[in-house]
Amino acid sequence: MGNRLTDEQKRFYESEGYLSGLPVVFDEAEVKELQAVYETVVSMLHEDEIPSDIMQWHRTSKRLYDLCTHPQILDYVEGILGPDFFLWGSEFITKSPHSDRTVGWHQDAYYWALAPHNSVTVWLAFVDVDPENGAMQVIPGSHKAGLIKHQISDEQSILSFELEQGSFSAADAVTLSIPAGGMTLHDDAIVHGSQANRSDRWRIGFVIRYSSTEVKSDMERNPNFLSYMVRGTDRYGHNPQGAIPTEPFARPDYSKRIRKTK
Ligand SMILES: O=C(O)CCC(=O)C(=O)O
C-alpha cells in the first residue's frame, strides 16, 4: 500500500498552493533507471534542441507514460484532485552546470486553455535539486489571488511570458529542494519560477500535469490537447482521449515548444 496525503498535508496544499517534503518515490536503483530514461530522451533530440523544447513524452513513449501513471504518484495527486482525474502534460525542465537559463516567474494557468482551474503539477527530481542548481521557487499562498498580468519574458527564461516586476514579492519565495527520486506538487495558479544553475551539477526535473475531470480544454486555443484518464471515471466527457503508446520511446514531434531563443 502506497503513501496517501494526510489531512494536514491536504490543508497545507490548499492554503499554500504547493506541497514538498514527501518521502521519495524512487530509490537509488530506480533513480539510475530514470536517469537512463532521460539519456534516451536526450539522444532523440535534434542538434538545436534542448529537452524542454519537446513536450508530452507520455503520448508517444510507453516508458514515460508508465512513469506518469506510477501508482504512488497518482495516490498523491488523488489526495489533491479527488478520485477522478486525467493526465495531459509532461515535459523535462533541465539546466546544465553553470547554465544561465532560468524559468521566469509565472502562473501555469495563464498559459493553459483549461477551465475551471483545477489542475496540479508533479515536479519529479531525476537528480538532487537545491538552491545551487536552480531548484524551483514558489510564492506561498499566491494561488489564491487569481491570475496576474504577464509580459514577454527575459531572454534567459525557458518560457515566453513572465509576471511583471512588482506584481508579487520575490522576497517571499520558498525554494523547493528535492532529493533525487522525490517530488513536489503545485497548484496551477501559484506564482513560481527558478534561477540559474550556479553549480557544477545538472538540474533535471520532469513535470507531469493532471486535471480533475470537470476541467475542459478549449480546443480552439489548443487543438492538439489529449487527455488520458488515469484514475476514476470521466462523468463529463469534456476532452478528447489519447491512446496509450506502445513503443517504449518515440518523439512527440507535434508538441514542440515555441520559444524566442535557443
Ligand atoms: O522547473 C522549473 O523551474 C519550473 C517548472 C514550472 O514552471 C512548472 O512545472 O510549471
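In each ligand, atom 1 is the first atom listed, and ligand 1 is the first ligand listed. All figures in this text were calculated on a predicted structure; none of them were measured in a lab.
- Residue contacts with ligand 1: Q195 is excluded, as none of its non-hydrogen atoms falls under 4.0 Å.
- Residues R203 and S194 have side chains that bring a donor and an acceptor to within less than 3.5 angstrom of each other.
- Taking the six-membered ring for Trp, F225 and W88 have ring centres closer than 6.0 Å.
- Defined by atom type and a distance below 3.5 Å, a donor-acceptor pair is present between the side-chain atoms of T175 and Q137.
- Of all atoms in ligand 1, listed by their number and element, those nearer than 4.0 Å to a heavy atom of H186 are 8 (C), 9 (O), 10 (O).
- Every atom of ligand 1 is numbered from 1 in the order shown, and the set under 4.0 Å from a heavy atom of T121 is 9 (O).
- Distance from atom 2 (C) of ligand 1 to its nearest protein heavy atom, with residue and atom name: R203 NH2, 3.2 Å.
- Residue S194 approaches ligand 1 through these ligand atoms, each under 4.0 Å from one of its heavy atoms: 2 (C), 3 (O).
- At the shortest separation from atom 9 (O) of ligand 1 among protein heavy atoms lies R209 NH1, 3.1 Å.
- Nearest protein neighbour of atom 6 (C) of ligand 1, counting heavy atoms only, is H192 NE2, 3.4 Å.
- Side-chain contact, S212 with E214: a donor N or O sits under 3.5 Å from an acceptor N or O.
- Side-chain contact between D27 and V24: absent, with no pair of heavy atoms (C-beta onward) separated by less than 4.5 Å.
- Ring pair Y110/H150 is parallel by interplanar angle, where below 30° counts as parallel and above 60° as perpendicular.
- The backbone N or O of R63 lies less than 3.5 Å from no partner atom in the side chain of D66, so there is not a single donor-acceptor pair.
- Distances shorter than 4.0 angstrom do not occur between any heavy atom of Q137 and any atom of ligand 1.
- Scanning the protein for heavy atoms near atom 1 (O) of ligand 1, the closest one is W123 NE1, 2.8 Å.
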